[in-house]
Protein chains: 2
Amino acid sequence: MKKTAHAALEKLKSGGRRLTAARRAVIEALAEAEAPLSASEVLGILVKRGVGADRATVYRELEALSEAGIAVTVRFESRAARFELAGGAHHHHAVCVKCEAVSDVEADAELEAAERRIARRSGFKVLRHSFELFGLCADCR
Amino acid sequence: MKKTAHAALEKLKSGGRRLTAARRAVIEALAEAEAPLSASEVLGILVKRGVGADRATVYRELEALSEAGIAVTVRFESRAARFELAGGAHHHHAVCVKCEAVSDVEADAELEAAERRIARRSGFKVLRHSFELFGLCADCR
DNA sequence: ACCTTACTGCGACAATGTCGCATTGTCAAG
DNA sequence: CTTGACAATGCGACATTGTCGCAGTAAGGT
């Protein structure tokens, strides 16, 4: 198991949550994924691994992980929400509209500065933001 | 009718599209809205005005407007896509997580510069991006 | 007035969640 | 190790948000 998955489990336990097979499997699926996963993708992975989880369970689990700050929700253009573990550094995503590949984009200092500037101008207190790029990846362009 | 709505109709006509009651009503609804509208909100407005439009028609219309570049799609945290007329300057949105108010945020030159820098670093050709702020508006903070 | 075809309504269906309720499984206290 | 509390699960019904095919309607040029 990856370090991020381990840390996530620790964080959960210290929040009154219990360690179940489904939960462990969901976290591991997210930890091993290269890109944010949708609920149905997570469900597919669990099924492939022989962990029979219900659809509702997966949704509830993903919601619980988000609430606990262990996972973050991202929305691209498709309808389904996607989830990734919150372990690493703050980053954004570049989504290829042709091959659907998702690559991480490290947070840019100027970007954050621009956000603070915007917040100051408008009196808006920013809690979080979304910033995603859509276009063609190096292979598809 | 607002100027933006008028311009949108002109743009449509010069694209082989026809001017129907439903189309006119959808465009007017978007033109008069203070914030991006979801399909069901648009439908609600049409019904209130006595323009009996079918759900499928509204969806098709919004899609057509997006394809024509007359409307743009934005996604906040909720599931439904939202639409606004593309008339004005490029901008982003600040969404209050408490009162749900949406205010426009003018595009920031630094933001765009950061985007170009990111694109250059990664070999990614950016076609469009999303940037939305979530937090507390001046009234709710 | 007529033709072409864009547009519409209807109804079925699909994808993505959400919820209540009875049952099961965790885990820590005893 | 047993047991009690309650977190978590499975099941099934339902809601929301779209999508699609098809037959009928109507916009707009000729």
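What you see below is based on every heavy atom in this structure, not just the backbone, and it leaves out hydrogens, waters and symmetry mates. If you're wondering where the values come from, they're calculated on a predicted model, not measured in any experiment. Just so it is clear: chains get the letters A, B, ... in the order the sequence lines come, proteins before strands, and each one is counted from 1.
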Check: Counting any heavy atom closer than 4.0 Å, what does B/Ala53 reach on the DNA or RNA strands: base, sugar-phosphate only, or nothing?
Finding: sugar-phosphate
Next item on the list: Report the distance from atom CG of B/Leu62 to atom P of C/dT8, rounded to the nearest whole Å.
Entry: 11 Å
Check: Rounding to a whole Å, what distance do you find between A/Leu19:CG and D/dT9:P?
Finding: 10 Å
Notebook entry, point to check: Rounded to whole angstroms, how far apart are CG on A/Leu12 and P on C/dC27?
Noted result: 11 Å
Margin query: Would a single hydrophobic cluster contain both A/Leu37 and A/Leu46, if residues Ile, Leu, Val, Met, Phe, Trp and Tyr are joined by side-chain heavy-atom contacts under 4.5 Å?
Written below: yes
Notebook entry, point to check: Under the 3.5 Å rule, do the base of D/dG18 and the side chain of B/Arg55 count as making a donor-acceptor pair?
Noted result: yes
Note to self: Applying side chain to side chain donor-acceptor pair (under 3.5 Å), can you list everything that pairs with B/Arg55, at least two apart in sequence or on another chain?
What the structure shows: none
Margin query: Looking at the base of C/dT16, is there any donor atom on it, or on the side chain of B/Arg79, that sits under 3.5 Å from an acceptor on the other one?
Written below: yes
Checklist line | Heavy-atom side-chain proximity of B/His92 to B/Leu133 below 4.5 angstrom | finding: no
Notebook entry, point to check: For the pair made of CZ in B/Arg24 and P in C/dT8, what is the distance, rounded to whole Å?
Noted result: 13 Å
Next item on the list: Can you sort out the partners of A/Ser122 under side chain to side chain contact (heavy atoms under 4.5 Å, CB included), two or more places apart, ordered by chain and number?
Entry: A/Phe124
Note to self: Within the 4.0 Å heavy-atom criterion, would you say A/Ala64 contacts the bases, only the backbone, or no part of the nucleic acid?
What the structure shows: nothing
Notebook entry, point to check: D/dG18, D/dT9, C/dT8: which one has an atom nearest the side-chain heavy atoms of B/Arg60?
Noted result: C/dT8
Notebook entry, point to check: Considering only heavy atoms and no angle criterion, is a donor-acceptor pair shorter than 3.5 Å present between the side chain of A/Arg18 and the base of D/dC6?
Noted result: yes
Next item on the list: Would you mind telling me which residue lines up with the more 5' stretch of DNA chain C, A/Ala56 or A/Ser40, judged by nearest nucleotide?
Entry: A/Ser40
Check: Between B/Leu43 (CG) and D/dT16 (P), how many Å, whole number?
Finding: 13 Å
Check: If you measure from CG on B/Leu111 to CZ on B/Phe131, what distance do you get to the nearest 0.5 Å?
Finding: 5.0 Å
Item checked: Any B/Arg23 side-chain nitrogen or oxygen under 4.0 Å from OP1 or OP2 of C/dC7 -> yes
Check: Given that B/Ala81 and B/Arg17 both sit by DNA chain D, which one's nearest nucleotide is further toward the 5' end?
Finding: B/Ala81
Note to self: Can you measure B/Asp54 atom CG to D/dT19 atom C1' for me and round it to whole angstrom units?
What the structure shows: 12 Å
Check: Should A/Thr20 be listed as having a side-chain N or O under 4.0 Å from OP1 or OP2 of C/dG25?
Finding: no
Next item on the list: Can you tell me the distance, in whole Å, between the OH atom of A/Tyr59 and the C1' atom of D/dA13?
Entry: 16 Å
Check: Atom CD of B/Glu63 and atom C1' of C/dA6: how far apart are they, to the nearest Å?
Finding: 15 Å
